[in-house]
Amino acid sequence: TDHDSMSDVEWQRNRSSAHFYDLPGHFVALNGYEWTCSHFDGQPNYGHYNVLYVEDGPMLRTRDPNYSDVRQLAARLDPDAALAIPHHPGDKAHPLDWNAYDPAFAPLVEIFQVRGSYEYDNGPMHPELYGRNTVRKHSLQHGLNRGYDFGFTAGGEHEGVGVTGVYAAEFTRQGIFEALRERRTFGTTGDRIVVDFRLDRRPMGGRLATSARTLTGSLQVIGTAPIVSVQVVRNGQTCHEWKPDTLQFTHTWRQERAADGSQPRGRDYYYLVVTQANAEMAWTSPIFVYEK
């Protein structure tokens with residue numbers, strides 16, 4: 001997804017290439033661009049959003065006063081035909097404005113890219129460890145703790161690291177788009193790690209309403225190097241950790257609900273963090289559990 005500063009000719013070439021290379025069942029190419037809001041002139045800075053279309057759609061630029069506010073952008077696009085993914089949310093020059101964030105428009109947020117990980121402030125692989133400037137209280141955990149339900153992706157950015165895994169019913173544009181919309185995703189730092197995570201058989205990205213205080217958790221990890229740590233994060237805190245030191249790890253456990261009531265709307269969130277011996281990592285989209 002190139003920046004919205006590309007010319008109309010470049011945008012047309014981008015669209016034509018996506019249609020030419022899309023081969024359902026073999027290779028899926030989606031049309032999209034990066035809505036690049038980096039206002040330095042006193043206007044609100046909403047951050048960067050990658051806009052993806054199921055088939056095709058317009059280029060709506062931030063320099064157009066009709067679409068300089070991300071809420072204008074969201075109102076213009078059909079949620080059945082387009083979605084957005086906020087990019088590098090804690091970057092100091094273009095931070096994600098969580099006050100203007102809408103999970104119905106942007107069901108996924110980028111957790112990792114070449115700048116590092118935006119999982120939480122001062123965490124492993126935090127961008128400041130790589131000389132990047134960040135702002136506090138813009139991490140993904142910050143957004144989750146505000147009560148937003150969203151999934152995770154990882155992106156390549158300019159240097160080509162970071163990859164997203166998607167659990168789709170079919171290998172087509174519609175199948176991929178549906179899986180993105182439903183948050184059935186996980187992100188890695190680049191290695192093709194495979195992760196599956198469920199609570200009471202609900203897949204990653206899903207919502208579950210229950211009065212039960214104990215859930216059944218299950219996971220499977222297929223690594224590219226020995227798996228040194230698998231953590232369950234509940235409401236921003238690690239509540240389980242296993243250290244298998246194997247290339248594959250499958251496990252089932254009893255997961256207790258949180259009892260502190262720290263999350264809004266009687267809701268808890270859970271996700272996995274995987275770390276390998278070669279320092280490559282993976283994060284699953286959260287599963288959201290609501291009080292019934």
Side-chain angles (χ1 to χ4, degrees), residues 1-41 43-89 91 93-97 100-115 150-151 153-164 166 168 170-181 185 187:
T1 53
D2 204 354
H3 293 277
D4 65 9
S5 57
M6 73 176 101
S7 69
D8 290 342
V9 171
E10 290 172 315
W11 174 232
Q12 180 57 42
R13 186 166 57 215
N14 189 89
R15 294 164 60 202
S16 299
S17 295
H19 292 315
F20 179 81
Y21 286 106
D22 184 56
L23 297 170
H26 300 279
F27 185 87
V28 171
L30 297 173
N31 269 306
Y33 69 95
E34 185 172 341
W35 184 82
T36 313
C37 184
S38 299
H39 293 313
F40 301 108
D41 53 4
Q43 298 183 60
N45 188 344
Y46 299 103
H48 292 189
Y49 283 70
N50 296 296
V51 177
L52 298 178
Y53 293 111
V54 179
E55 292 294 338
D56 212 340
M59 165 76 75
L60 306 174
R61 297 180 172 91
T62 54
R63 65 174 180 262
D64 183 337
N66 293 312
Y67 304 110
S68 61
D69 185 317
V70 71
R71 288 161 291 203
Q72 296 171 305
L73 179 71
R76 170 66 172 76
L77 295 176
D78 179 357
D80 292 328
L83 60 77
I85 304 172
H87 200 33
H88 45 63
D91 188 81
H94 352 267
L96 171 62
D97 183 350
Y101 171 72
D102 179 2
F105 171 59
L108 304 164
V109 182
E110 186 180 70
I111 193 168
F112 174 85
Q113 56 140 271
V114 71
R115 289 172 173 83
F150 55 84
T153 66
E157 191 54 91
H158 308 292
E159 287 81 358
V161 299
V163 66
T164 297
V166 178
E170 59 181 25
F171 193 24
T172 63
R173 283 176 165 177
Q174 188 64 49
I176 297 292
F177 185 86
E178 178 190 7
L180 295 173
R181 169 67 64 192
T185 61

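When a residue number appears, it is its place in the shown sequence, counting from 1.
- Results of the side-chain contact (heavy atoms from CB on, under 4.5 Å) test with Thr185 over Leu180, Ile111, Ile85 single out Leu180 as the only residue that passes.
- When atom types are taken as modelled, the side chain of Asp4 and the backbone of Thr36 share a donor-acceptor pair closer than 3.5 angstrom.
- Remark: side-chain polar atoms of Glu110 are paired, donor with acceptor, to backbone N or O of His88 under 3.5 angstrom.
- The nearest pair of heavy atoms linking Ala84 to Pro107 is O-CD, 3.8 Å.
- Inter-residue side-chain proximity for Asp97 and Val70 is flagged as unmet; no heavy-atom pair is nearer than 4.5 Å.
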Step-by-step side chain to side chain contact (heavy atoms under 4.5 Å, CB included) determination, Leu60 to Gln72: CA-CA 10 Å; Leu60 306 174; Gln72 296 171 305; over 6 Å; no

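- Of the possible donor and acceptor atoms, one in the side chain of Trp35 sits under 3.5 Å from a partner among the backbone N and O of Tyr67.
- To the nearest 0.5 Å, atoms OH (Tyr33) and CG (Asp2) are separated by 12.5 Å.
- Asp22 has its side chain out of reach of Phe27: every pair of non-hydrogen atoms, C-beta onward, lies at least 4.5 Å apart.
- Under the side chain to side chain donor-acceptor pair (under 3.5 Å) criterion, Thr172 pairs with Glu170, sequence neighbours left out.
- By the 4.5 Å heavy-atom criterion applied to side chains, Met59 and Arg15 are not counted as neighbours.
- Between Arg173 and Asn31, some side-chain heavy-atom pair lies under the 4.5 Å cut-off.
- Looking at Arg181, its side chain never comes within 3.5 Å of a backbone N or O of Ile176 through a donor-acceptor pair.
- For the pair Phe105 and Leu77, the tightest heavy-atom approach, listed with the atom from each and the gap, is CE1-CD1, 3.9 Å.
- Side-chain contact between Val54 and Glu178: absent, with no pair of heavy atoms (C-beta onward) separated by less than 4.5 Å.
- Residue pairs meeting the salt bridge (charged side-chain N to carboxylate O under 4.0 Å, His left out) criterion with at least one member in residues 70-86, sequence neighbours excluded: Asp69-Arg71.
- Residues Tyr46 and Leu73 fail the side-chain proximity criterion, which asks for heavy atoms closer than 4.5 Å.
- To the nearest 0.5 Å, the span separating CG on Leu30 from CG on Asp56 amounts to 11.0 Å.
- Leu23 contributes atom CG, which lies 9.5 Å from atom CZ of Phe171 (distance to the nearest 0.5 angstrom).
- In terms of modelled atom types and a separation under 3.5 Å, the side chain of Tyr49 and the main chain of Cys37 share no donor-acceptor contact.
- Note that CZ of Phe177 is 8.0 Å distant from CG of Leu52, once rounded to the nearest 0.5 Å.
- A donor-acceptor pair under 3.5 Å links the side-chain atoms of Thr164 to the main chain of Ala154, judged by distance alone.
- Across every non-hydrogen atom of Thr62 and Ser68, the tightest pair is O-CB, 3.3 Å.
- Within the structure, the salt bridge (charged side-chain N to carboxylate O under 4.0 Å, His left out) test picks out the following pairs touching residues 5-14 (sequence neighbours left out): Asp8-Arg61.
- Smallest separation of non-hydrogen atoms from Ser38 and His94: OG-ND1, 2.6 Å.
- Pro86 approaches Leu108 most closely through the heavy-atom pair CD-O, 3.0 Å.
- Ring orientation note: the planes of Tyr53 and Trp11 are tilted relative to one another, at an angle of 30° to 60°.
- At most 12 heavy atoms of other shown residues, nucleotides or ligands fall within 6.0 angstrom of atom OH in Tyr21.
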